[in-house]
Amino acid sequence: CFHASSQVWSRSDAAYGLKPPKREKYVRKGSRNQPPVDAPHVPCKVTATKSNPDKTIEIFEGMTLVELAKRSGKSVSSLQDILTTVGEKIQSEFEPLSMDISELVAMEVGVNVKRLHSTEGKEVLPRPPVVTVMGHVDHGKTSLLDALRQTSVAAKEAGGITQHLGAFVVGMSSGASITFLDTPGHAAFSAMRARGAAVTDIVVLVVAADDGVMPQTLEAVSHAKSANVPVVVAVNKCDKPGANPEKVKLQLASEGLLLEEMGGDIQVVEVSALKKTGLDNLEEALLLQADMMDLKARFDGPAQAYVVEARLDKGRGPLVTTIVKAGTLVCGQHVVVGSQWGKIRAIKDAAGRLTQRATPAMPVEIEGLRGLPMAGDDVIAVHSEERARMLSSGRKKKFEEDRLRGKVHIPTSDDTEEVPKRVEMAVIVKGDVQGTVQAVTDALTTLNSPQVSVNVVHVGVGPISQSDVDLAQACGACIVGFNVKSPPISLTQAATRASIKVIMHRVIYHVLEDVANLIIEKAPGTPETQVAGQAEVLNIFEVKGSKSKGPDVKIAGCKVVEGFVNRSATMRLLRSGEMVFEGPCSSLKREKQDVDSVKKGNECGLVINNCCDFQIGDVIQCLEQVVRKPKFIKSESGAVRIE
């Protein structure tokens, strides 16, 4: 039963929100002829798929669609639509995908990928070590390798310095074989040294006993540390009279290298490439280091390789020097190298002999690609031509999107500030191989100055062609040919008629010097005011004015004590070292004759416009405007810059 008092019955329901709302009076709407109400337009929000070019996901063989969706941050249904677009059909989202299909889907989504290769269930065998020789320029790296393989490569190098990344196999006296990479030591080839450290197992740091630790030596150490690669130090040129190996060891220890003699784990070997002494100790140190690392690789299955160098041959097409990391590279396979693809027509070993297959740690040269890849790309073997085409086109599309995205400029508040105008110098770079083209391009971009910016409009491998001259004429560029054949006379005459500067060199020092001189010529320069001369006031003369001649004029009788005094220049009056007045010169006379300039040791009379406050002993400075051009500076380490 429900019981309630009289107070409850008299309670109002409105206080508790229980009272029903009151119905409002119906108001008839106005006619449709009334003007519409002005309201701001609110654009609709369109949800678009955003690509994240900075995000990198790891993919592996047998990856499911659900796992790929989790790593990429996309829905399973959107990834299924992409698979349908590329022509792949799957029965379930838990069906394993191949690594190539996973990469295609990830590139369509807009993320970068990193391939993870597993060796589970496969036979893993020992492989030879890959050793990279690094160090400062002219410290004897190539000469040391010549002594190891009984050849003479250093004598054939242009300018006596290495400008390519060479890979070859050296058979040791003990019967073991070691794959060596020879890197250039010049400052401009930093990218080549970084590529050598990325693919190597052991780094041999060559330091000259008579020169010590230099800038590129420290750079090589940093490359080895970033790649987490062990270092073996070879102190070369120990046979020279001024050699001091102990000083080199102290310098290396001060740079953080823990040597064995000082309680560390880095081996130090004293060698002489010229006298061929200490080579057995170096071989023993390298093999000991390789045994401690227990280097093994998968020999069966599809190959994975790394592009060391790429060049364009006139008769054979694109040639790629690679080092196999795992698997076996077989002639006739379809491969994808970076964004290029092709079918391997021929494989040549380090000695130039044709071979049918390449095993891990073996440097080979392959031909048959449709285009020239970039040095540092990975070589991936695929099972069909269709898969190679799809993977190559997807990578090209992704590369183009990233390139265009990098060129999009988002305006900020800093854009409103005034920026000094810079003159642009367009350059076309042609080289013999892909690595040297990249090195020359990187070196030219370091020559940028506040007044001139170097814009590399086109790079290519091979000799200078008519299309290069046409492009240079269209954009006003100069052509740099590095280590390539001289163009035909007709092409040279066409470039001369079009006023196109063609720079041909085989040594990178000369290329940088010539391009720097062009930059200095093209630079507008910085206007500056400098003191051209000084004159001392010896006497003061006053000329009374009149209605016809004008007001009174004070003439300073001076003697030029330094430089010269010019009539068209600006004069500065100094008294006790402080400036009193500054203004243009209205009259300059010598022996009552009007002159344009008076040199040091002569006396003259000059009048400064609107200045009558002369005193004996004052100093008058002659100021002139000059344009200061930038300077080309080359350091001892080989690095160049423009200041």
Do [X] and [Y] come within less than 4.5 Å of each other through their side chains, counting heavy atoms only?
X      : Y      : result
Ser393 : Arg395 : no
Val459 : Val456 : yes
Val221 : Val213 : no
Ile620 : Leu606 : yes
His505 : Asp514 : yes
Met504 : Val484 : yes
Leu372 : Gln340 : no
Leu250 : Leu252 : no

Donor-acceptor contact present, side-chain [X] to main-chain [Y], <3.5 Å:
X      : Y      : result
Asp468 : Ile464 : no
Lys430 : Pro463 : yes
Thr529 : Gln625 : no
Ser586 : Val607 : yes

Minimum-distance pair of heavy atoms, taken over all atoms of [X] and [Y]:
X      : Y      : answer
Ala426 : Val457 : CB-CG1, 3.9 Å
Val598 : Cys604 : CG2-CB, 3.8 Å
Cys558 : Val537 : SG-CG2, 4.0 Å
Val595 : Arg567 : O-CD, 3.6 Å
Gly140 : Lys237 : N-CE, 4.4 Å
Gln534 : Val531 : CG-CG1, 4.2 Å

In sequence, state the C-alpha distance, the side-chain angles, and the governing distance for Leu145 and Val133, and then conclude on side-chain contact (heavy atoms from CB on, under 4.5 Å). CA-CA 9 Å; Leu145 290 177; Val133 182; 3.8 Å; yes
With a cut-off of 3.5 Å and sequence neighbours excluded, list every side-chain donor-acceptor pair involving residues 488-499.
{"residue": "Thr492", "atom": "OG1", "partner": "Pro488", "partner atom": "O", "Å": "3.1"}
{"residue": "Thr496", "atom": "OG1", "partner": "Thr492", "partner atom": "O", "Å": "2.8"}

Of all pairs that satisfy salt bridge (Lys or Arg N to Asp or Glu O under 4.0 Å), the ones with a partner from residues 530-540, not counting sequence neighbours: none
Please report the interatomic distance [atom1]([X]) to [atom2]([Y]), rounded to the nearest 0.5 Å.
X      : Y      : atom1 : atom2 : result
Asn455 : Leu444 : CG    : CG    : 11.5 Å
Leu573 : Ile608 : CG    : CD1   : 5.5 Å
Leu144 : Lys141 : CG    : NZ    : 10.5 Å
Lys397 : Ser339 : NZ    : OG    : 15.0 Å
Phe482 : Arg506 : CZ    : CZ    : 8.5 Å
Glu603 : Arg590 : CD    : CZ    : 9.0 Å

side-chain contact (heavy atoms from CB on, under 4.5 Å) between Thr321 and Val307: does it pass, once the steps are laid out? CA-CA 6 Å; Thr321 303; Val307 177; over 6 Å; no
Taking Cys622 as the fixed residue, which of Val560, Leu588, Asn566 is the one that meets the side chain to side chain contact (heavy atoms under 4.5 Å, CB included) rule? Asn566
Listed partners of Gln466 passing side chain to side chain donor-acceptor pair (under 3.5 Å), at least two apart: Asp470
The salt bridge (charged side-chain N to carboxylate O under 4.0 Å, His left out) partners of Lys240 (sequence neighbours excluded) come to Asp210
Mind checking ring pair (Phe, Tyr, Trp, His ring centres under 6.0 Å) for His458 and listing every partner two or more places apart, or none if nothing turns up? none
Table please: side-chain donor-acceptor pairs of residues 575-585 below 3.5 Å, with sequence neighbours left out.
{"residue": "Arg575", "atom": "NE", "partner": "Asp618", "partner atom": "OD1", "Å": "3.1"}
{"residue": "Arg575", "atom": "NE", "partner": "Asp618", "partner atom": "OD2", "Å": "3.3"}
{"residue": "Arg575", "atom": "NH1", "partner": "Asp613", "partner atom": "OD2", "Å": "3.4"}
{"residue": "Arg575", "atom": "NH2", "partner": "Asp613", "partner atom": "O", "Å": "2.8"}
{"residue": "Arg575", "atom": "NH2", "partner": "Asp618", "partner atom": "OD2", "Å": "2.9"}
{"residue": "Glu582", "atom": "OE1", "partner": "Arg572", "partner atom": "NE", "Å": "3.4"}

Given side-chain contact (heavy atoms from CB on, under 4.5 Å), test Cys478 with Ile500 step by step and report yes or no. CA-CA 6 Å; Cys478 69; Ile500 298 173; 5.7 Å; no
Chi angles and distances behind the side-chain contact (heavy atoms from CB on, under 4.5 Å) call for Phe614, Glu542: CA-CA 10 Å; Phe614 291 114; Glu542 187 172 354; over 6 Å; no
Between Asp432 and Arg311, is the closest basic N to carboxylate O distance under 4.0 Å? no
